[in-house]
There are 2 protein chains.
Amino acid sequence: MRMAKGVEWALHTLLNLDMVGGGPVGSGQLAEAHGLSPSYLNKQLQQLARAELVVSVPGPRGGFSLAKPLETITLLDVVVAIEGAAELFQCTEIRCSGKIGELSPPPKGACAVSAAMRRAEQSWHDALAAQSLADIKADLDRSPLVRQIVRSALT
Amino acid sequence: MRMAKGVEWALHTLLNLDMVGGGPVGSGQLAEAHGLSPSYLNKQLQQLARAELVVSVPGPRGGFSLAKPLETITLLDVVVAIEGAAELFQCTEIRCSGKIGELSPPPKGACAVSAAMRRAEQSWHDALAAQSLADIKADLDRSPLVRQIVRSALT
DNA sequence: GTAATGATACTCGGATATTGGTTGTCCGAGTGACCGTGG
DNA sequence: CCACGGTCACTCGGACAACCAATATCCGAGTATCATTAC
């Protein structure tokens with residue numbers, strides 16, 4: 001069980017898009033900034049576009065730009081955009097299969113195991129939703145030359 | 001990103017092992033109870049044995065039995081036993097690669113993105129560690145005939 | 001009758017295929033920019 | 001000098017392969033049981 005690399009790529013790329021300013025930036029430049037596969041980063045950016053976190057501009061001088069300010073983008077938004085909204089723990093209802101399932105009456109309530117796992121997952125989601133990309137950007141701005149480096153790398 | 005099925009299998013199997021009593025139960029019977037692949041459940045049980053959540057008894061009349069009371073087994077223990085202790089979000093340090101990486105001085109602090117993701121993951125771990133299998137068993141004991149069904153299915 | 005002994009059946013344990021999903025690559029559709037031409 | 005039209009290069013977008021890990025399966029190693037036999 002490992003989170004897709006695309007999440008890390010997307011997070012850094014979104015931060016870069018903010019630092020560079022408003023204009024659209026091509027996926028090739030964004031990939032070069034961190035030595036990533038351009039085509040694959042492009043695919044991740046399309047996922048972000050579908051989630052309406054970025055807007056895509058076709059044609060020459062096109063590319064991707066932020067759709068909203070970083071303050072309104074949470075870590076959960078990015079994770080869901082890349083990974084999808086499926087739950088980590090997916091209950092297969094094995095309690096209704098096999099010998100035990102045949103002997104038991106059809107269960108009424110929810111599966112206790114599933115409910116417990118869902119509770120834990122909920123607090124993960126809450127913690128992800130509580131942190132916005134602006135918070136992370138504030139950390140990066142501790143060393144103010146970062147912004148200059150990003151801007152010069154993306155021109 | 002999806003949690004392995006083995007976690008669900010392990011959780012239900014551990015609960016069954018508790019309900020059936022102290023004697024060892026073969027992986028075949030445990031699998032039949034929920035209609036699972038016997039060999040694959042056996043593999044998961046070996047993982048639980050390495051984590052010292054169950055003890056394995058070889059030979060005829062052998063099988064697996066609980067190594068400690070359910071009160072001392074948390075959801076986190078089971079997840080780590082099956083999935084391993086690796087983190088969901090694994091930082092690749094892409095901030096040190098590509099153009100930006102070459103232009104930047106070697107970073108001093110930890111990656112802000114990684115730190116934020118780790119915070120969220122920590123609260124997931126905390127929530128998993130806060131729930132023991134005894135808590136789940138208490139939920140199941142709402143309908144007291146469950147125990148009888150499990151015992152009759154595992155004899 | 002009792003104890004030793006060998007065969008046997010049953011279990012765990014790990015080595016070996018198979019499948020599904022992530023990762024990576026490629027080419028086509030579409031669009032804005034640029035250049036040349038005519039008014 | 002300005003407006004218009006055609007060509008072009010550049011970008012996104014989705015379809016297509018490669019790789020890795022989870023899933024599933026199989027066979028060998030080890031052990032308690034049971035029957036048999038000798039004392």
Side-chain angles (χ1 to χ4, degrees), chain A residues 1-10 13 17 23-32 34-65 67 79 81-90 92 94 154, chain B residues 1-10 13 17 23-32 34-65 67 79-90 92 94 97 154:
Chain A
M1 182 179 46
R2 178 185 166 171
M3 185 168 292
K5 290 183 187 175
V7 174
E8 184 184 10
W9 296 15
T13 300
L17 277 179
V25 185
S27 61
Q29 287 191 1
L30 291 168
E32 206 177 359
H34 284 301
L36 310 174
S37 160
S39 305
Y40 191 42
L41 178 63
N42 187 19
K43 170 174 285 191
Q44 312 298 340
L45 284 167
Q46 287 175 34
Q47 296 284 100
L48 296 181
R50 278 177 212 156
E52 300 183 355
L53 302 182
V54 301
V55 290
S56 69
V57 179
R61 317 276 296 174
F64 296 88
S65 55
V79 170
I82 301 294
E83 294 274 1
E87 307 188 7
L88 283 181
F89 182 88
Q90 293 177 354
T92 328
I94 61 176
L154 287 177
Chain B
M1 180 180 48
R2 179 184 167 171
M3 184 167 291
K5 290 183 187 176
V7 174
E8 184 184 9
W9 296 16
T13 300
L17 276 179
V25 185
S27 61
Q29 286 192 359
L30 291 168
E32 206 177 358
H34 285 301
L36 310 173
S37 159
S39 304
Y40 191 41
L41 178 63
N42 186 21
K43 171 173 283 191
Q44 311 299 340
L45 285 166
Q46 286 175 35
Q47 296 284 100
L48 296 180
R50 277 176 213 159
E52 299 185 355
L53 301 182
V54 301
V55 291
S56 69
V57 180
R61 317 275 296 177
F64 295 89
S65 54
V79 170
V80 168
I82 301 294
E83 295 274 0
E87 306 187 7
L88 283 182
F89 182 89
Q90 293 178 355
T92 329
I94 62 176
S97 308
L154 286 178

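What you see below is based on every heavy atom in this structure, not just the backbone, and it leaves out hydrogens, waters and symmetry mates. Per chain, numbering begins at 1; letters A, B, ... match sequence-line order.
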Exercise. What's the CG-C1' distance between Leu41(B) and dT25(D), to the nearest Å?
Worked result: 14 Å
Exercise. Within this structure, what is the CD-to-P distance between Gln44(A) and dG13(D), rounded to whole angstrom?
Worked result: 14 Å
Exercise. Nearest-Å distance, OH (Tyr40(A)) to C1' (dA15(D))?
Worked result: 15 Å
Exercise. dT18(C) C1' sits how many Å from Lys5(B) NZ, rounded?
Worked result: 14 Å
Seminar exercise, completed: Between CH2 of Trp9(A) and P of dT23(C) the distance, given in whole Å, is 8 Å
Seminar exercise, completed: Each nucleotide of nucleotides 9-15 of chain C classed B (base within 4.0 Å of a protein heavy atom), S (only sugar-phosphate) or -, in 5' to 3' order, makes BBSSBBB
Exercise. Any idea which heavy atoms bring Leu41(A) and Ser27(A) closest together, and the distance?
Worked result: CD2-O, 3.9 Å
Exercise. CD of Gln47(A) to CG of Asn42(A): how many Å apart, nearest 0.5 Å?
Worked result: 11.0 Å
Seminar exercise, completed: Here the distance between atom C1' of dT23(D) and atom CD of Gln90(A), to the nearest Å, is 15 Å
Exercise. Looking only at side-chain N and O atoms, does Ser37(A) come under 4.0 Å of OP1 or OP2 in dT23(C)?
Worked result: no
Problem set entry | Any donor-acceptor pair under 3.5 Å from Glu8(A) side chain to Phe89(B) backbone | no
For this session: Calculate the interatomic distance between Ile82(B) atom CD1 and dA24(D) atom P; express it in whole Å.
Result: 13 Å
Problem set entry | Met1(A) CE to dT22(C) C1', straight-line distance once rounded to whole Å | 16 Å
